[in-house]
Amino acid sequence: MSAKQKSILVNGANGELGIAGVEQLAQSGFIVYAGVRSQVNADKLSAVHPNVRPVIFDATDQQSIEACVGDLKEQLGPGGLFGLWSNAGISKVIPFQLMEWEEIEQVVDVNLFGTFRIIRAVLPLLTKGDSRVVITGSATGMLAGPAVSIYSTTKWGLEGFCDALRIEFNAMGTHLILLEPGLIKSNMSDQVEDNVKRSMDGVSDEDLKNNEAFVSTIAKAAAGAKPIAHKVGAAVLRAFTDRNPKRRYRIGADAKAAAIVRHLPDSVIDGIQRSLFKVKNKATK
């Protein structure tokens, strides 16, 4: 499929994954409206490629989204948008009982409600019968794990959202595609160690004993994550250019493994996770 003169709006364009996708889309000929929250990030993206046109808005701020969409409507005219890539997301590696309520609300607001807001706002701009919406999910949306319960909840929510919305969108002539990357070295994975230190700072000896195995295992995994953001960028490009795009693009060996393991009995999955995190089941039987 030719990218000539086709425009795509990206939400969450400034992280490693966002920049990798924006760059590959722009190099392939798409006009990419790269959404960021600050002028500093807008300036950084301006240098990526001549086809990149930074726009500033915040997915948690309805007014800023509406202002951006209004500006795009004037710029694009009747041609509209060929696609939207909703990529903004944040993660907190903190056991549920140790999370501040504000942190829970923040993760849900960005990952779930932010996606809802931007899609609702952009719908009128999408080209009828020839458009695509791509959403960044996660392998944790297929297989959840301890210490990332709220993040996993939002990604599981996007799984269900996409399954339902895909049928609605298909009826309007729009493809809805979900990306499911595994653990990738990025600004998000680099923040894991800081999350872990904060979550365990000042906790009781009992909480430390109960949760240290979870957070330390995840911190080690994040530290060893591979820098394969370019593979996410390639998957994004395929999602927008494949003649018959897949419903899901799974990136990374762990994401592909999660798609298989999720179908095992719950008792087996729990056993695998206890072995991985080196914890015992202390629940009374």
Co-members of V40 in a cluster of I, L, V, M, F, W and Y side chains, linked at under 4.5 Å: none
Shortest non-hydrogen separation from A255 to A139 and the atoms involved: CA-CB, 3.8 Å
Check: N111 side chain, I90 main-chain N or O, donor-acceptor pair, under 3.5 Å: yes
Spacing of CD1 belonging to I118 relative to SG belonging to C68, to within rounding of 0.5 Å: 6.5 Å
Shared hydrophobic cluster, V133 / V110 (ILVMFWY, side-chain heavy atoms < 4.5 Å): yes
Residue pair R250 / K256: nearest heavy atoms and the distance that separates them: O-CE, 3.6 Å
Pairing residues for R248 by the side chain to side chain donor-acceptor pair (under 3.5 Å) criterion, not counting sequence neighbours: E159, D163, E180
With sequence neighbours excluded, residues passing side chain to side chain contact (heavy atoms under 4.5 Å, CB included) with E105: W101
K155 side chain reached by M142 side chain, heavy atoms, under 4.5 Å: no
Side chain proximity check, L237 to L25, heavy atoms < 4.5 angstrom: yes
Approximate separation, where rounding is to 0.5 Å, of Y151 OH and S91 OG: 5.5 Å
Value rounded to 0.5 Å, distance of CD1 in I150 from CZ in F96: 5.0 Å
Identified side chain to side chain contact (heavy atoms under 4.5 Å, CB included) partner of F57 from the options L72, I65, V69: I65
Path from V148 to L143 over hydrophobic side-chain contacts below 4.5 Å: no
Salt-bridge contact K6-D130 (side-chain N to carboxylate O under 4.0 Å): yes
Nearest-0.5 Å distance, CD of residue E103 to CD1 of residue I94: 4.0 Å
R117/D109 ion pair, N-O < 4.0 Å: yes
Donor-acceptor pair, side chain of Q27 and main chain of Q24, under 3.5 angstrom: no
V55 and L9, any side-chain heavy atoms less than 4.5 Å apart: yes
Common cluster, M172/L165, ILVMFWY with side-chain heavy-atom separation under 4.5 Å: yes
Side chain to side chain donor-acceptor pair (under 3.5 Å) contacts in which one or both residues fall within residues 133-149, not counting sequence neighbours: W85-T136, N87-T136, S138-T140
Contact check, side chains of I8 and L81, non-hydrogen atoms, under 4.5 Å: no
4.5 Å side-chain heavy-atom contact, P245 and R132: yes
Polar side chain donor-acceptor pair, N11 to Y33, under 3.5 angstrom: no
Shortest non-hydrogen separation from I269 to V261 and the atoms involved: CD1-O, 3.5 Å
Donor-acceptor pair, side chain of D242 and main chain of N244, under 3.5 angstrom: no
Side chain to side chain donor-acceptor pair (under 3.5 Å) against S46, all qualifying residues, sequence neighbours excluded: none
Worked verdict on T115 versus L158 for side chain to side chain contact (heavy atoms under 4.5 Å, CB included): CA-CA 9 Å; T115 301; L158 290 178; 4.0 Å; yes
Please tabulate, for the side chains in residues 73-80, all donor-acceptor contacts under 3.5 angstrom to protein atoms that are two or more places apart in sequence or on a different chain.
none

Contacts of Q62 that satisfy side chain to side chain donor-acceptor pair (under 3.5 Å) - sequence neighbours left out: E66
Set of residues satisfying side chain to side chain donor-acceptor pair (under 3.5 Å) with respect to T174, sequence neighbours excluded: S131
Hydrophobic cluster of W156, others only, ordered by chain and residue number, side-chain cut-off 4.5 Å: none
Residue pairs passing the ring-ring contact (aromatic ring centres under 6.0 Å, His included) test where at least one lies in residues 158-177, sequence neighbours excluded: F116-F161
Passing candidate, side chain to side chain contact (heavy atoms under 4.5 Å, CB included) with L17, options V232, V236, L179: V232
Only distances under 3.5 Å count here; give the side-chain donor-acceptor pairs of residues 270-277 to other protein atoms, sequence neighbours excluded, each with its distance to 0.1 Å.
{"unit_1": "Q273", "atom_1": "NE2", "unit_2": "A144", "atom_2": "O", "d": "2.7"}

Selection residues 44-57 - residue pairs positive for salt bridge (Lys or Arg N to Asp or Glu O under 4.0 Å), sequence neighbours left out: none
Within 6.0 Å of CZ in R262, more than 12 heavy atoms from elsewhere: yes
Test item: E23 side-chain N/O and H49 main-chain N/O as donor-acceptor pair under 3.5 Å: no
Nearest-0.5 Å distance, CD1 of residue I56 to OG of residue S64: 10.0 Å
V36 versus A13, closest heavy-atom pair with distance: CG1-CB, 4.4 Å
Interatomic spacing from CD1 in I135 to CZ in R166 - rounded to 0.5 Å: 10.5 Å
Contact check, side chains of V108 and F113, non-hydrogen atoms, under 4.5 Å: yes
Nearest heavy-atom neighbours spanning N51 and A26: ND2-O, 3.0 Å
Closest non-hydrogen atom pair, L178 against C162: CD1-SG, 3.9 Å
